Student: 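If you scroll down you'll find the structure; I have some questions about it.
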Amino acid sequence: MKIAKVIVDVPTMQTNTPYSYRIPNGLETQLKRGMRVVVPFGNGNRKVEGFVVDIEETDAKQSPQLKEIDRTMDLVPVLNDELIKLSKWLADKTYSFQISCLLTMLPNAMKAKYATYVKAIGPIDDEDISKKFKASDMIPFDSEHFDGPEMGKLAKLRKANKIKVVYKVQNEAKKKQETAVVNQINDFDGTQKQIRKNATAQLNLLEVLQKNPKQPLVQSHLVKDLGISNSAIKSFEKKNWLKKIQVEKYRDPYKHEIKVDQPKKLTKDQEDAVKEINRSIDSHQNDTYLLEGVTGSGKTEVYLQTIQRALDLKETALMLVPEISLTPQMVNRVKNRFGNQVAVIHSGLSTGEKYDEWRRINSGDARVVVGARSAVFAPLDNIGIIILDEEHDTSYKQDDNPRYHTRDVAIWRGKYHHCPVVLGSATPSLESRARAGKGVYKFLRLPKRINQKHLPEVSIVDMTQEEETHDGIFSGELLKAIDQRIDKNEQVVLMLNRRGFSSFLMCRDCGYVLKCPNCDISLTLHMDSHTMKCHYCGFEEPIPKYCPHCHSKNIRYFGTGTEKVEKQLHELLPKARVVRMDVDTTRKKGSHEKILHEFGDHHFDILLGTQMIAKGLDFPNVTLVGVLNADTGLDLPDFRSSERTFDLLTQVSGRAGRADKDGEVIIQTYNPENYVIQLAKHQDYEAFYQKEMQLRHLADYSPYFFTIKVSISSLNEKQAASEAYDVANYLKGSLNNKTIILGPTPRPIARMKRRYYFQIIIKYKRDLKLNQSLKHVLQVSQKEVRKGLRIGIDPEPVSFM
DNA sequence: AGCACGCCGACT
DNA sequence: GTCGGCGTGCTC
C-alpha cells in the first residue's frame, strides 16, 4: 500500500515533522511528491493544507489506522525534489518550521487561506441564532456575522451538538483565464467551398485556422490584432468548425519591445573572469567566485555573458539582485539580451503577476530568472549558473522566519546543481572577502573602470569647522558646488543618511521627547500627513501644540528629514528644481520609476533622497553627489555599522560622473578623521578591509566568529527577563567553553509593539552542541510560549537593534 | 494552532 | 455535587 508523508500547515515545534496519510482510491497514480493536499488533522473536522514530501510503499498491516488525504490542491507538483530537500535543510539551519520554508518558496498567491464556518446540525432553540441559520446553514464564523454574546451562545450550542464548526481550505491563486478557439476542421479545402465568397471575415478566419491547426488561438488576439469578427467565430462554432476553450492567461508586467542587445566587447579583466567562470560551467564544477569590481567596471556584462554560456548548454540561470536595484534599466538590459525566456520577480509586481512569472518558470518557459531575495527559490531545473549581485547587500537576509540568507541558499543550490555561484560586489562583505582570501571562494577582480574612466574626486567637509551650516544641513562648500552645477545645466544627487536617525519633537523647556506609547523610540515627524508616526508599529497622532509634559508652547523639531532638507533647499536655492525620493514619496506602485524617469529627463536639477538612491542609478548628467550627513550610521550598536557606512558612501560616490563628464563627490561629516570616512574618500576597499578585519579580530566578531542572536519577548517584562536568564544560563552550561555568550540584555530598542525584548548574542567558532542546544531551548520554552512568550533564533543576524 | 482531557476552586 | 477556569498533551 502506498502512503504519503505530509508536512502540515501547523507551524509549531511539535508538529514540525511529516505525518503519514493513506492515499485515496483514484489518486494513487496522480499524487506526486511536491503537491499540496488538504488533510484532516486533529480531532473534529479540522482540515489543513499540507505538502507531500514523500510517497512510500508500506505494509497495510504496519499502518493500520491512517487517515486519508482529503483532496489535492494541485494537478502538477508545485515544488520539485530539490526544493523539498532544500526546505528541510533550511528549516534546520534557520531554526524554523519546515512548513514555513515550504511556504516561502511559493508565490503569495498560492498560499492557502483558511475559513471557519459554523454549520447547523440540530434544532436550535435560541431565536437570534436560529434566525441567522434560516438563510443558510453555513455561516462564516467571524465578528462580522456574530457579536460577542452570540459567540458565547455558539460555544454552548456546539457543546450541545446543535451546530458544528467546519474548516475550509481555500486556494487563493486564480489563474486568469481567457477564451481561445481550437480548430476542428480536417478538410480545409472542403470547408472553404461551404463559405460564401464574399464572407471575407470567415475566409480570413479559415486561413488563420489552417495556419495554426493544432494550437489554441486566443479570441481577443484574433479580434483585436487580426481583425476577425466575433460573429465569424460564432458561426464557425455553430458549424462545429472550432470549439472554444479556456486557457491560462499570463499577465506581462514588463511588456516592452525587445531590442536586440549584442554582447559587448570585453576588457582583458572581464574576459579573464568570463573564461574562468565559463570553465566551471562547462565542467559542472561547483565553484563559488567572488567577483570584486569597482563601480563601472562592467560586472553586469560578465554576468550576461556567463548566463549566455549556460543557456548555450541548454541549462538555466538564476540572477539575484537587491530589491532596490531592480530598476527597469537593469531589467531591460537582461530582457534585451535574452528575450522572452527571462522571468522577473520583484516586489513591484502584483500578487497575480508574481504568480504568472512563477508559473512560467515552473513550466520551463522561462529559463533565466532575475529577481530579489525570494527569487532564490525559483523552481528552475538544471541550473547552469547562479549570480548574486551586490552580494554584501543586507536586503539578502530575511528578517522574519525563516531567517535565511540568500547567499547561503544560492550556494546550497549551486552544490545541488554542480554549477558555479558568482558573488559580485564593489564592496564585498567582509565574510566573503575573507573567504576569497583563504581560497574558499575563487577571487576574481575587475579593478579598472571600463573606458579608462577614473573614479570621481571625493572631498570631505568638516562640519565642525563650518561657520554657517544652515541648521547643520548644508555647508557653504556644498551649496556653492550645487549652485555651479545648476548654472552649468548639470544635475545633482543629494543623499541624507537616515540610518539610526530621524526627526523628533522635543520640548525646549523641560526636555520632554515625544515617544511612542507602544515602543521605546521617539515618534517621527511627518509633514505630509501632519502627524507624528512610529516607524516600528505604525502608531500615529496629530502634532501636539503644547508639550504634553509641562504644557509649554516651546516645543520644536530636532533632526533632519528629507522634507526639512527640501524646504531648506527651496529657501537657499530657489531656482533649483528638487525632487524628493524616500519611503513617503515612493509608497505608491510605480512612483519609484516615475521619479527616476522624470529626473533622467531633466525635469529636476536635484534628486534628494535616502539610502534608496545609492544603488544602481546611472544618470550621465549627474556630476555632483553630496552626502549630507555621512556619520549618522557610525555610532549604532551594531558591529557592522562601519561596514555599512563604508558601503553606502562608496556606492553613492559611484553615482557621480558615469558618462563622459567627470564627477565630484562632497561628503559632509562631523568625524572627518574617522577611518571609515577617510577610506571612503579614497574609495580604497582593500585598505578598509584590512583595517576592519583587525577591529573585528580584536572584538571577536564575524568573520572570526559566527554570531547567533536569540531574542526573547513578551508583553510581560518579567516573563521575558526571567526566561532570557534561564536560556542564557542553560546555554552557558551546555555550550563549548570557547563559545562566548553575551547577555541577556534588553535590546537597544527594548520595547516594540508593547512587547519587551531581551537578547542573547552567541559568538562561536565551532560548537558541535550548538544546534542541538538551541533546539532544546526552543523545545523547553514551549510552556512559556503558550503564555505569550516569543523566542526567535537568528543565525548571522544583520541587525542588532 | 485547535481541541480534549483532567485537575482544582467556586457556586447553585 | 457540577460548572468552568486553566495547564498539558496530541494531532498521521
Side-chain angles (χ1 to χ4, degrees), chain A residues 1-25 27-28 31 33 35-73 84 88 91 96-103 111-119 121 140-143 146 148-149 151-170 400-402 714-716 719 722-723 778-792:
Chain A
M1 186 183 76
K2 275 191 176 167
I3 55 154
K5 296 273 189 185
V6 176
I7 298 284
V8 291
D9 183 12
V10 182
T12 63
M13 226 26 286
Q14 301 122 66
T15 52
N16 188 28
T17 179
Y19 285 82
S20 305
Y21 284 90
R22 257 183 322 121
I23 302 171
N25 290 337
L27 218 62
E28 304 100 326
L31 194 73
R33 203 190 312 191
M35 283 183 182
R36 294 171 303 160
V37 289
V38 176
V39 293
F41 194 71
N43 24 25
N45 36 11
R46 187 179 178 200
K47 298 279 194 288
V48 298
E49 180 191 344
F51 286 80
V52 178
V53 293
D54 238 324
I55 292 177
E56 286 176 1
E57 193 67 46
T58 330
D59 273 345
K61 44 184 160 3
Q62 264 191 345
S63 40
Q65 269 133 2
L66 294 182
K67 285 189 186 170
E68 197 167 72
I69 289 176
D70 214 55
R71 63 187 167 94
T72 59
M73 297 175 69
I84 292 170
K88 187 127 199 300
S96 53
F97 312 120
Q98 196 179 352
I99 186 67
S100 316
C101 297
L102 291 164
L103 286 170
K111 280 163 207 173
K113 297 272 184 296
Y114 293 90
T116 313
Y117 294 86
V118 281
K119 186 176 183 177
I121 50 172
F141 182 66
D142 55 33
S143 53
F146 298 101
M151 291 267 188
K153 287 179 192 168
L154 287 177
K156 281 196 184 124
L157 286 167
R158 197 173 67 90
K159 269 261 155 78
N161 255 333
K162 298 285 164 64
I163 60 164
K164 67 174 182 178
V165 179
V166 177
Y167 299 92
K168 277 199 165 173
V169 181
Q170 293 167 332
D400 44 43
N401 278 324
S714 167
L715 294 170
N716 176 336
Q719 189 199 17
S722 94
E723 183 68 14
L778 288 178
Q779 207 70 253
V780 296
S781 56
Q782 279 307 108
K783 247 191 235 167
E784 295 300 311
V785 169
R786 272 174 188 266
K787 288 188 252 169
L789 186 105
R790 277 184 217 160
I791 179 159

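A quick note: this is a predicted structure, and the numbers were derived from the prediction, not measured. Throughout, protein chains are lettered first and strands after them, A, B, ... in sequence-line order, and every chain is numbered starting at 1.
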Student: Can you tell me how far CG of A:L103 sits from CZ of A:F51, rounded to the nearest 0.5 angstrom?
Tutor: 4.5 Å
Student: Do the side chain of A:Y21 and the main chain of A:P40 share a donor and acceptor less than 3.5 angstrom apart?
Tutor: yes
Student: Between C:dC10 atom C1' and A:Q779 atom CD, what is the distance in whole Å?
Tutor: 14 Å
Student: Roughly, in whole Å, what's the span from CZ in A:R46 to C1' in C:dT11?
Tutor: 8 Å
Student: Apply side chain to side chain contact (heavy atoms under 4.5 Å, CB included) to A:K2 and list each qualifying residue two or more places apart in sequence or on a separate chain.
Tutor: A:I23, A:I55, A:E57
Student: Between A:Q65 (CD) and C:dT11 (C1'), how many Å, whole number?
Tutor: 15 Å
Student: Tell me what A:K5 touches on the nucleic acid: a base, only sugar-phosphate, or nothing, going by heavy atoms under 4.0 Å.
Tutor: nothing
Student: In whole Å, I'd like the distance from the CD atom of A:E49 to the C1' atom of B:dG2.
Tutor: 17 Å
Student: I need the CD1-C1' distance between A:I99 and B:dA1, as an integer number of Å.
Tutor: 13 Å
Student: For the side chain of A:R786, counting heavy atoms from C-beta on, which of B:dA1, C:dC12, B:dG2 is nearest?
Tutor: B:dG2
Student: Return yes if some donor-acceptor pair links the side-chain N/O of A:N16 with the main-chain N/O of A:Q98 below 3.5 Å, else return no.
Tutor: yes
Student: How many whole angstroms separate atom CG of A:L31 from atom C1' of C:dC12?
Tutor: 15 Å
Student: Separation of A:F41 atom CZ from B:dA1 atom C1', in whole Å?
Tutor: 9 Å
Student: Would you say A:S714 and A:E723 make side-chain contact, with heavy atoms under 4.5 Å?
Tutor: no
Student: Would you jot down, in residue-number order, the residues of residues 11-20 of chain A having a non-hydrogen atom under 4.0 Å from DNA chain B?
Tutor: A:T12, A:Q14
Student: Using the side chain to side chain contact (heavy atoms under 4.5 Å, CB included) criterion, which residues pair with A:P18? Sequence neighbours excluded.
Tutor: A:K5, A:I7, A:V53
Student: In whole Å, I'd like the distance from the CG atom of A:N43 to the P atom of C:dC10.
Tutor: 13 Å
